[in-house]
Student: 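Before anything else, here's the structure in question.
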Amino acid sequence: MATSKTDPKLAMAANGAKKSRFYEGLTREQLIQAYRFMYTSRRIDDREILLKRQQKIFFQMSGAGHEAVGVAAGLALKTGYDWFYPYYRDRALCLTLGVQPYQMFLQGVGAADDPSSGGRQMPSHWSYPALHIVTQSSPTGSQILQAVGCADGGRYLSHHPNAAQAPTSGSPDYRQFKTVSFQNDEITYVSLGDGTSSEGEFWEAMNTAALGKLPVIFCVEDNGYAISVPVEVQTAGGSISRLVSGFPNFHFEEVDGTDPVASYAAFRRAAKYCRAGHGPAFVHAHVIRPYSHSLSDDERLYRPESERERDAQRDPVTRTQMFLLREGILDDKGINQLEKEVEAELQVAVDRALEALPPAPESVMQFLYSPDLDVTSSVFDTPAIVAESSSDGKKIAPKTMADLITATLRDEMKRDERIVIFGEDVADCSREEYLKHKLVKGKGGVFKLTFGLQCEFGNDRVFNSPLAEAAIVGRATGMATRGLKPVVEIQFFDYIWPAMMQLKDELPTIRWRSNNGFSAPCVIRVAIGGYLTGGAIYHSQCGESIFTHIPGLRVVFPSNALDAAGLLRTAVRCDDPVLFLEHKRLYRESYGRASYPGPDYMIPFGKAKVVQAGTDLTVISYGAVIPRALQAAQKLEREQGVKVELIDLRSLNPFDWDTIAASVAKTNRALVAYEDTLSWGYGAEIAARIADQLFDQLDAPVRRVAAKDTFVAYQPILEDAILPQPNDLYLAMRDLASY
Ligand SMILES: Cc1ncc(C[n+]2csc(CCOP(=O)(O)OP(=O)(O)O)c2C)c(N)n1
Ligand SMILES: [Mg+2]
């Protein structure tokens with residue numbers, strides 16, 4: 001660990017006058033260029049503020065006061081080589097990396113040609129694939145875990161260079177649509193504000209980076225405020241540097257971020273440390289925020305003039321100009337000339353941007369999902385190839401859902417070196433020497449579904465993560481952005497919520513918000529559901545409709561072993577992010593066991609299965625309710641001759657409307673059955689659609705059977721009363737059939 005500190009009070013004079021020959025390695029030309037970027041950045045902000053006041057753009061977020069640190073990072077790192085997760089104040093960084101002012105104005109007007117998002121995101125939400133500037137969202141801090149995943153992905157690729165190749169033959173998968181590149185000494189840069197360092201995800205990211213010695217530069221651009229909240233209220237003790245100083249494996253820098261030369265030196269040292277593979281670096285840059293938080297904020301409401309005046313003394317643009325003059329790098333004429341050139345360039349850029357066409361309203365649904373690989377298509381419809389007997393002629397017993405999920409993961413890992421598996425407890429044993437010396441057998445997940453995979457594929461392909469769900473999903477997102485295929489596990493659905501920011505605002509939005517510039521197809525396996533006899537409130541939850549409510553996320557929920565194998569393979573090979581819900585009660589159930597359908601068996605998403613054909617009543621369901629509904633339907637037929645058509649949706653987004661519609665047209669009666677709480681549940685949407693679109697076909701109201709609107713209790717008598725039971729289904733079917 002190394003620590004360097006530039007006293008914020010050390011003004012440019014120290015770096016300038018005393019070390020003027022070297023300028024920390026920057027040439028005079030580079031310093032002029034640095035000033036040009038800084039001045040351009042500030043003037044773009046000024047222009048945008050004017051355009052906003054004229055109502056020609058719709059939002060403005062300035063990078064004012066942060067220009068020096070941004071330019072310094074841009075000069076110390078390599079564009080199109082290193083990876084960048086900047087935040088909204090990083091205009092100067094982006095200019096230094098190669099973004100054109102015109103492109104920034106296109107963001108402001110929300111033009112179709114805006115390369116960041118095609119008018120979908122606010123300005124200053126940078127996304128430029130060729131420059132390795134990864135699409136950015138608005139939640140403060142959610143980029144940090146992804147940056148860690150990006151660095152992790154780069155390192156994995158450098159250890160597995162063959163994984164970067166896309167297969168040229170065989171059935172198509174996501175790899176064909178992803179250009180993967182990496183450098184052995186690449187760095188991932190991520191920045192955030194002082195306020196954002198209060199987010200839990202920041203600490204998860206710091207921990208993960210330190211654990212893995214990952215080449216990430218964390219840059220905290222500390223302007224002393226988070227909107228109106230000052231740093232001493234935000235950060236215990238008032239110094240983020242002090243708080244993070246105990247993290248191992250880090251190189252630390254604290255620097256005056258209004259000084260481009262000192263900041264450059266800090267980034268150079270940080271980059272050297274990271275490129276050498278020693279670990280991550282932390283650059284704490286003290287900057288100012290002269291233009292209030294945004295155009296919607298007036299800092300005079302909470303900052304006195306005296307304080308603002310003090311900041312103004314440190315304005316990086318003015319100070320750099322003074323520095324150039326003092327060092328004789330540019331004279332007055334040179335400064336004027338440069339500034340005139342910038343003004344002229346910006347005028348042209350603004351004029352052009354104001355003429356740019358807006359995006360077409362019909363484009364709004366584009367790029368929610370992969371435009372290249374349709375997960376509902378026949379590409380994913382492949383036959384099961386079942387070996388009836390083993391090599392010694394013995395008949396093979398049908399396998400459980402748990403067995404087939406493990407077998408599918410194993411075969412996919414053999415086929416695709418880009419697959420990595422991580423999560424809580426998923427490894428066989430983190431202390432490898434215990435395995436090596438055969439002291440232990442290994443665990444492989446609390447449900448043992450990943451058992452044996454670490455031993456077979458190595459500990460950089462299957463490993464335990466820290467106990468941090470946001471970190472699991474955020475890191476997977478960053479890795480998937482780089483072209484890997486993380487297949488991660490959330491141990492219990494009940495504990496998915498720390499990852500909700502990543503699952504709602506990040507992973508599913510990446511392709512859409514970047515206008516197909518980036519994508520992050522990965523698989524999140526989640527153990528879900530009740531009927532456990534003792535699982536209680538925190539090991540029994542469902543809640544799938546919360547996720548089917550998120551555009552951009554595929555959600556599947558198999559009810560039997562064969563479907564689990566086919567759907568999981570599709571999830572792994574497809575080009576979209578998938579939430580793969582595995583019902584714990586079904587893992588080892590006798591119902592739905594099957595022989596392994598072979599290493600290429602796939603089921604397309606959005607194709608339901610008719611579990612039992614019938615003519616009198618349609619029951620639409622999925623997951624663990626399927627065997628219960630089947631039991632109820634068989635009883636009803638036995639007792640009353642009612643023939644129920646039972647439909648297993650299998651995948652919930654997309655879902656198979658055609659099969660539902662065809663069935664209801666035949667039976668004229670529909671019951672939707674699901675394990676989650678009744679109100680606002682997944683079945684509510686299905687019921688509403690049937691009522692809306694099949695009204696003329698119905699001979700009875702659309703009914704639902706689901707859990708009571710409470711939590712799942714521990715005592716089995718209570719659990720039975722809460723979750724839908726075969727008898728509840730039987731009674732509902734009977735009533736509806738006779739309506
Ligand atoms: C998760 C989240 N909470 C709240 C906000 C609203 N918000 C936007 S910026 C901001 C302050 C950020 O302060 P800081 O991290 O210091 O960055 P600065 O704007 O000062 O550069 C807040 C509260 C948000 N975007 N995301
Ligand atoms: Mg701040």
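Only heavy atoms go into these numbers, but all of them, side chains included; no hydrogens, no water, no symmetry mates. In each ligand, atom 1 is the first atom listed, and ligand 1 is the first ligand listed.
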Student: Which atom name does Asp194 have for its N/O/S atom nearest to the Mg ion (ligand 2)?
Tutor: OD1
Student: For atom 9 (S) of ligand 1, find the nearest protein heavy atom and state the residue, atom name and distance (0.1 Å precision).
Tutor: Tyr88 OH, 3.0 Å
Student: Determine whether any protein heavy atom is located less than 4.0 Å from atom 11 (C) of ligand 1.
Tutor: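 Neighbour list for atom 11 (C) of ligand 1 includes protein heavy atoms (cut-off 4.0 Å).
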Student: Do Cys219 and Val190 have side chains that approach each other closer than 4.5 Å (heavy atoms only, starting at C-beta)?
Tutor: no
Student: Decide whether the shortest distance between a heavy atom of Gln234 and an atom of ligand 1 is less than 4.0 Å.
Tutor: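 Not so, Gln234 does not reach ligand 1.
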Student: Suppose we only count N/O/S atoms under 2.8 Å; would Asn223 qualify as near the Mg ion (ligand 2)?
Tutor: yes
Student: I'd like to know whether ligand 1 has Ile227 as a neighbour, heavy-atom separation below 4.0 Å.
Tutor: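 The answer is yes: ligand 1 sits under 4.0 Å from a heavy atom of Ile227.
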Student: Distance to 0.1 Å, residue and atom name: give those for the protein heavy atom nearest to atom 21 (O) of ligand 1.
Tutor: Tyr87 OH, 2.6 Å
Student: Taking the six-membered ring of Phe105 as reference, does the NZ or CZ atom of Arg47 fall below 6.0 Å from its centre and within a 45° cone about the axis?
Tutor: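 Geometry flag: not set, cation outside 6.0 Å or 45°.
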Student: Between Arg511 and Phe518, is NZ or CZ placed under 6.0 angstrom from the six-membered ring centre and within 45° of the ring axis?
Tutor: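 The answer is no, since Arg511 fails at least one limit relative to Phe518.
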Student: One residue to check: Asn223. Relative to ligand 1, which of side chain, backbone, both or neither has a non-hydrogen atom less than 4.0 Å away?
Tutor: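 Contact part for Asn223 vs ligand 1: side chain (C-beta onward).
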Student: If you have a sec, work out which protein heavy atom is nearest atom 3 (N) of ligand 1 and how many Å separate them, to one decimal?
Tutor: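 Answer for atom 3 (N) of ligand 1: Thr140 OG1, 3.8 Å.
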Student: With only distance considered, is Ser138 within less than 3.5 Å of ligand 1 through an N or O on each side?
Tutor: yes
